[in-house]
A.B. asks: 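Got a structure for you, written out below as structure tokens; questions coming shortly.
FYI, side chains are in, hydrogens and waters are out, and symmetry mates aren't considered; it's all heavy atoms of this structure. Per chain, numbering begins at 1; letters A, B, ... match sequence-line order.
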There are 2 protein chains.
Amino acid sequence: MGSGGAEPGTVRPGGRTARVRAAVLRAAGDTLAERGVAHLDLADIARRADVGKTTVYRRWGTVTSLVADLLMDMAEQSLPRTETGSLLGDLKANARLVQRTLADPRQGPLFKAMIAAATCEAKTAEALHHFYDIRVKEWAPCVQQAIDRGEVPEGTDTHEVIRAVSAPLYYRLLTTGDHLDEAAADRAAEAAAAAARAGAYLRNKGLG
Amino acid sequence: MGSGGAEPGTVRPGGRTARVRAAVLRAAGDTLAERGVAHLDLADIARRADVGKTTVYRRWGTVTSLVADLLMDMAEQSLPRTETGSLLGDLKANARLVQRTLADPRQGPLFKAMIAAATCEAKTAEALHHFYDIRVKEWAPCVQQAIDRGEVPEGTDTHEVIRAVSAPLYYRLLTTGDHLDEAAADRAAEAAAAAARAGAYLRNKGLG
DNA sequence: CCCATAACGGGACTCCAGTTTCGTTAATTG
DNA sequence: CAATTAACGAAACTGGAGTCCCGTTATGGG
């Protein structure tokens, strides 16, 4: 008698198992982008992935659980940031990247759907938080460089500045129907840079 | 022969019909706050509202449609803004209001759920956009006053400044697990004020 | 106050998302 | 290159979300 068996896919992760995972995550992303989280049927995803629906139910069980796995997968593929030499330049590069992603006909709806899925289950929320944590950590160094250069006051919360760039873009995506253009990206970067220079993101504000 | 009949609840909107709507919207809000949009059963809501499930299905039909109605209802109850005499003071008052709402154990999850529901259906999205449009319009005058006072450059997009206050709070609510405290609210207000003063929210940037 | 009928509500019914069963395929190990 | 068994997949099954039917309640107009 064994311990009851680990999660499916952990003992023989190679070959077919990996192919099935890739196909299912691909199909899940496509379907999420097209239809959103609601009324999402795992059997549909299985059909699109050319995989038995039993397999999908056994390995992931629920839509939110599948989204969590998709987020784990996406978190691993982080694209390197570009460096321009100035805070505003770096933040604009970041803002443009976010804007292009959210304005993309596939990626935009996909991100909306993943955010929606994260509101439904703790595990999915955790995966989403991890995903954004990685993105923020990837870009935070450009703010540190600005601090070192003297562009931004010492004690500035670098992560908070990076989040400040994305925030208005996501807010607009979710709460308005407006198109996200490059002007919006530039405005987000300029606002974050101006606020950072003015010391709005200093840690331990108002404790003295 | 008639035209086939209008939507239920439009011909005799008084008395019982209004009571039923109020009870159902109340129950819908409670359930959304507790469980989120996923796996939400209209029969559950009907039971909690002490209303026949047939009635709920007939008048609203789907969860997203019910959320849309809830948003219409909430949009009508706009609380008046306070005036402090300075841009930063007004923006802080706004930020604190948003922060308290999102940090509230009932309202926070409710807003998350409504945002999630809006990603699933156009009609619900429209209702959400309308809701935020009203909130933004309610607070935008305080930015106009700051322009008149000379605190902020002429040509500043007043709506964009108000959105800039809320954006980081919503972004944090959705993409991190962190608690929204008053410090976060103040930081959001200060950043928006600093960026506005620096001219980051001027309309028609980069067209000349 | 009374009538016509809008709107509600209980209960039976349907249909499909999710589960269970069991046989098949192929990843790993020596 | 077998042997072992993890993982897959087709098909039958089940439970409950959503629909339908029809009798009941009570609103709004005259």
A.B. asks: When the nearest nucleotide of DNA chain C is assigned to B:His39 and to B:Gly9 on a heavy-atom basis, which residue is associated with the more 5' position?
C.D. replies: B:Gly9

A.B. asks: Check DNA chain C against residues 54-68 of chain B and give the residues with a non-hydrogen atom under 4.0 Å, in numerical order.
C.D. replies: B:Thr54, B:Thr55, B:Arg58, B:Arg59

A.B. asks: Please check if the side chain of B:Thr55 supplies one atom and the backbone of B:Val51 the other of a donor-acceptor pair under 3.5 Å.
C.D. replies: no

A.B. asks: What is the distance, rounded to the nearest whole Å, between atom CG of A:Asp50 and atom C1' of D:dG9?
C.D. replies: 12 Å

A.B. asks: Look at B:Asp69 together with B:Arg21 and state whether they make a salt bridge at an N to O cut-off of under 4.0 Å.
C.D. replies: yes

A.B. asks: Within the structure shown, what part of the strands sits under 4.0 Å from B:Arg21 by heavy-atom distance: base, sugar-phosphate, or nothing?
C.D. replies: nothing

A.B. asks: Expressed as a whole number of angstroms, how long is the span from A:Arg16:CZ to C:dA27:P?
C.D. replies: 6 Å

A.B. asks: The criterion is salt bridge (Lys or Arg N to Asp or Glu O under 4.0 Å); which residues satisfy it with B:Arg12, sequence neighbours excluded?
C.D. replies: none

A.B. asks: Round to a whole Å and report the spacing from CZ of A:Arg47 to P of D:dA10.
C.D. replies: 12 Å

A.B. asks: Answer yes when B:Asp44 and B:Arg48 have at least one side-chain N-carboxylate O distance shorter than 4.0 Å, and no when they do not.
C.D. replies: no

A.B. asks: I want to verify a distance call: between D:dA26, C:dA27, D:dG9, whose nearest atom is closest to the A:Val51 side chain?
C.D. replies: D:dG9

A.B. asks: Has the side chain of A:Lys53 got a donor or acceptor that lies under 3.5 Å from a partner of the other kind on the base of C:dG18?
C.D. replies: yes

A.B. asks: Can you work out whether B:Val11 or A:Pro13 has the more 5'-proximal nearest nucleotide on DNA chain D?
C.D. replies: A:Pro13

A.B. asks: Expressed as a whole number of angstroms, how long is the span from B:Arg19:CZ to D:dT27:C1'?
C.D. replies: 10 Å

A.B. asks: How many whole angstroms separate atom CG of A:Asp41 from atom C1' of D:dA17?
C.D. replies: 14 Å

A.B. asks: Could you measure the distance from the CG atom of B:Leu88 to the CD atom of B:Glu190? Nearest 0.5 Å is fine.
C.D. replies: 5.5 Å

A.B. asks: Rounded to whole angstrom units, what separation is found between the CD1 atom of A:Ile45 and the P atom of C:dA17?
C.D. replies: 12 Å

A.B. asks: Look up atom OG in A:Ser166 and atom CZ in A:Arg135, then write down how far apart they are to the nearest 0.5 Å.
C.D. replies: 10.0 Å

A.B. asks: Round to a whole Å and report the spacing from CZ of A:Arg12 to P of D:dA7.
C.D. replies: 7 Å

A.B. asks: Find the distance B:Leu40:CG to D:dA17:C1' and express it as a whole number of Å.
C.D. replies: 12 Å

A.B. asks: Do A:Asn94 and A:Thr82 have side chains that approach each other closer than 4.5 Å (heavy atoms only, starting at C-beta)?
C.D. replies: no

